[in-house]
Amino acid sequence: MKLFYSYHFCLLLLFLPANLYGQLTSVYVTRGNNAAAMSYFLPETKKSEELLNPYLYKGWQPGHAVFNDSLYWEGLFRYDIYAREMEMVIGKDSLRISDPHKLNLVQFGQHHFIYSFFIYFIGNQQYLGNDYFEILSDTGATKFLLRRFIKVDVDEKSNSKMMLGLKNEESVSAKIMKEYYIRINDDSAALRVKRTRKSILRHLSPHQADIVKFAKSNNLTFTDPDDIARIVNHYNSFNQNQ
Amino acid sequence: MKKLKFILFLVIALPLFPVFGQNPKCRVENLKMEIDQDNLLLTYDLTGIRTEEPVEVHLFFRDRDYRFFRPRNLTPDPGSRVSPGMNNTITWNVAEDIRFFPADITPVLITGDPYEYKFGCGPAASLASLAIPGLGQYMVTDTRDHIIKPYMVTIMAYGLIFLGYDAYQDRYRDDPYLTNEGGIWKMGDWNYKYFTNDAEYLVSLGLAVWLADIIYVAVKGQQNKLLHKGMIRTLPAR
């Protein structure tokens, strides 16, 4: 049933004229050996308030992207949460990052994004994925990350104003979900954490006692993302001092 | 009495039934994934039950919709023979095969010939659970990891129904009595063996356990069917 709905939903997305996915092309930017890193797409021309929005922000945001070959691109950015894609306008070209593992960092507005593998459990089964993460902690090897994804529920009537290429009268509801992850270093995968003391401490295992002490003295909780980000910053400072 | 003996025989015999769902020679346990730069490291324990002979190991990945794919850049090579033991490792160079994937994936590691591999019976195994609660579980899953063993389900379902029947048999009413208001005769109160409406509750609970087992087996059977179908699609025709 779930498969049917997701298939059905994808078909709707594909064939609706106002949707963006149908406008994407597979023309690659030629830039030396890194030709496969991006592809062109035609920017969205139709604007309709009736459609659901799969982007973090509706409009484009000024920002920059840094690739792992030190290439620096400045332009306008937007993040498609549903398609897990970063789109950008550089000069007159509209591009999407088609090989995001070559990306070091994307920054727009107040947000810093990285692309990473992540691992989570369903029951006792491990799942591996890759997606964009917003960095909530400051600079440091260990990062506290936020992953957004869109949960589409076709059984419920849509109360949302989000634009997912579907009109509001379609009985589809979509909401942005948030999950939190910790990535110990740049070479490892991000691991999903619950916002509990036990879960956070398990991932910051070498300095648990110091972290508990730091959290207590600063009145930090293990449930508030801002507090957890500060705890991870402290964990990083501890590692740097060694 | 004969019926009771038969039920008792089934309860004792069930744990001795062979595990239909898994390759009986080797078993994959503690499958774990870890990322190291562009490589995915998979560690697992291979438990030899009857033999210490090396067995073929094949790695697949599937998404939540049971779409399979077979990674190629593996170390050791796909289909290599591995001796039973702890902490065996497979390294997959993710970057060589796919740069990124749109859906989340989970590993499926099988031993032996993938064409012959059986994930377990299909949803039809629920018929076995329809006959005897718990029996179908032996056909669709490896029950060695289960906390609630299938024979416990059998005991629970039959036991509750039997207790309910027993409570019903021992239920009786007090003698009728004459009321003070107008000299009307009233039926005596029910006397229950365990608690009020005990028979109804116990039988319902027993049937609920039985039904839950049938549904569980049907769902697991359907998953086995999808796993088999998905894996076979990735294999070249022979």
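A, B, ... follow the sequence lines: proteins, then strands. Residue 1 opens every chain. No hydrogens, no waters, no symmetry mates; every other heavy atom, side chains included, goes into these values.
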Quiz item: Which value, rounded to the nearest 0.5 Å, describes the distance between B/Glu34 atom CD and A/Asp187 atom CG?
Solution: 11.5 Å

Quiz item: More than 12 non-hydrogen atoms from neighbouring residues, nucleotides or ligands closer than 6.0 Å to NZ on A/Lys143, yes or no?
Solution: yes

Self-check item: Non-hydrogen side-chain atoms of B/Val94 and A/Phe117 separated by less than 4.5 Å
Solution: yes

Exercise. Apply the side chain to side chain contact (heavy atoms under 4.5 Å, CB included) test between A/Tyr127 and each candidate in B/Ile105, B/Asp63, B/Asp104; give the one that qualifies.
Key: B/Asp104

Quiz item: Using non-hydrogen atoms only, which part of A/Ile122 is less than 4.5 Å away from chain B: side chain, backbone, both, or neither?
Solution: side chain

Practice problem: Would you mind checking which part of B/Leu31 comes under 4.5 Å of any heavy atom in chain A, side chain (CB onward), backbone (N, CA, C, O), both or neither? | Solution: backbone

Quiz item: Is it the case that more than 12 heavy atoms not belonging to B/Lys225 sit under 6.0 Å from its NZ atom?
Solution: no

Quiz item: Nearest heavy-atom pair of A/Gln125 and B/Arg62: which atoms, and what distance?
Solution: OE1-NH2, 3.7 Å

Quiz prompt | From CG (A/Asn185) to CD1 (B/Ile35), nearest 0.5 Å | solution = 12.0 Å

Quiz item: When you look at CG of B/Leu211, are more than 12 heavy atoms from neighbouring residues, nucleotides or ligands closer to it than 6.0 Å?
Solution: yes

Quiz item: Are more than 12 heavy atoms from other residues, nucleotides or ligands located less than 6.0 Å from atom OH of B/Tyr66?
Solution: yes

Practice problem: Heavy-atom distances under 4.5 Å only: say whether A/Leu128 touches chain B with side chain, backbone, both or neither. | Solution: both

Quiz item: Which value, rounded to the nearest 0.5 Å, describes the distance between A/His101 atom NE2 and B/Gln37 atom CD?
Solution: 13.0 Å

Practice problem: Check whether more than 12 heavy atoms from other residues, nucleotides or ligands sit under 6.0 Å from atom CZ of A/Arg195, and answer yes or no. | Solution: yes

